[in-house]
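Report on the structure given below.
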Amino acid sequence: MIRVVNRALLCLAGLILLCVGGAAMAAGQGWSVPKSWPYNDPGDVLLSRASRQRWRGDGWWWPVVIAILAVLLVLALWWVLAQLRRGRLAEVLVDSGDGEGALLRGRALEGVLESEAESLDGVARARARLSGHRSAPTTDVRLLLEPHAVPGDALRRLTGEALAHARESAGLKSLPAEVRLRAAKHGAERVT
């Protein structure tokens, strides 16, 4: 989600800067620009003194300016905080039965998932990544399958063994997973 927002904001800012910069450059170079543009002569400025001071005497001007700047500040702070937020789940809340709960490191659960998945027949390498909320995590598992592996069997064993063990050991009601399978490349065998 944050990656999409970042790209959209960068594209929007780039498009605005490109249009404004291109229009100012065109007017500054003396190129033919439409008369409806606010600056259509090389000597024109983007905002004249009269247009900068037009609404200063009105009672609504400063509250609107302050409100717009406040909204921009809140959006900028949200964006910065979203950049600092980790995509990985740092800890998983395990129900210990005493009402308090215990915390399990997310990397530890990922490591166990990876090692158990790699021990399955036909799996060359596995990578797991936890995300979501600490009381309801989700996982993204990537499996690199060996050439002789049957994808359906590998997926059934992963969900029936590795993911089931992780769900039961963490005391979770469910552990939704998105599994991506990829085949390992192998060289041609020589026939003698």
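The pair E118-R127 meets the salt-bridge criterion, with a side-chain N (NZ, NE, NH1 or NH2) lying under 4.0 Å from an Asp/Glu carboxylate O.
L77 and V71 are assigned to two separate hydrophobic clusters, defined by single-linkage of ILVMFWY side chains at heavy-atom distances under 4.5 Å. The cluster map of Ile, Leu, Val, Met, Phe, Trp and Tyr, joined by side-chain heavy atoms under 4.5 Å apart, puts I68 and L73 in different clusters. No path of Ile, Leu, Val, Met, Phe, Trp and Tyr side chains, each step under 4.5 Å between heavy atoms, connects L144 with L155, placing them in separate hydrophobic clusters. Two different hydrophobic clusters hold V112 and V141 under the rule that ILVMFWY side chains link at heavy-atom gaps under 4.5 Å. Under a hydrophobic-cluster definition in which Ile, Leu, Val, Met, Phe, Trp and Tyr are linked whenever side-chain heavy atoms come within less than 4.5 Å, directly or via other members, L109 and V179 are assigned to the same cluster.
Within the 4.5 Å cutoff, no side-chain heavy atoms of L158 are placed close to those of V123. Between D140 and S131 the shortest side-chain heavy-atom distance does not fall below 4.5 Å. A 4.5 Å side-chain heavy-atom check between L130 and T138 finds every atom pair outside the cut-off.
Distance NZ/K173 to OG/S135: 9.5 Å, rounded to 0.5 Å. The CD atom of E116 lies 7.0 Å from the CD atom of E161; values are rounded to the nearest 0.5 Å. Once rounded to the nearest 0.5 Å, the distance linking CG of L12 with CD1 of I16 reads 4.0 Å. For the atom pair CG (L113) and CZ (R129), the distance works out to 14.5 Å, reported to the nearest 0.5 Å. The line from CZ of R142 to CG of L181 is 11.5 Å long, rounded to the nearest 0.5 Å. Atom NE2 of H148 and atom CD of E146 lie 5.0 Å apart (nearest 0.5 Å).
Closest approach of P151 to L145, counting heavy atoms only: CA-CD1, 3.9 Å. Of all non-hydrogen atoms in S169 and V94, the two that sit nearest each other are O-CG1, 4.5 Å. Across V92 and P137, no two heavy atoms sit closer than the pair CG1-CG, 4.2 Å. A117 and L143 make their closest contact through CB-CD2, 4.1 Å (heavy atoms, listed as atom of the first residue, atom of the second, distance). The nearest pair of heavy atoms linking L163 to A177 is CD1-CB, 3.7 Å.
Surrounding CZ of R167 are more than 12 heavy atoms belonging to other residues, nucleotides or ligands, all under 6.0 Å away.
E91 contributes no side-chain N or O that, together with a main-chain N or O of R134, makes up a donor-acceptor pair within less than 3.5 Å.
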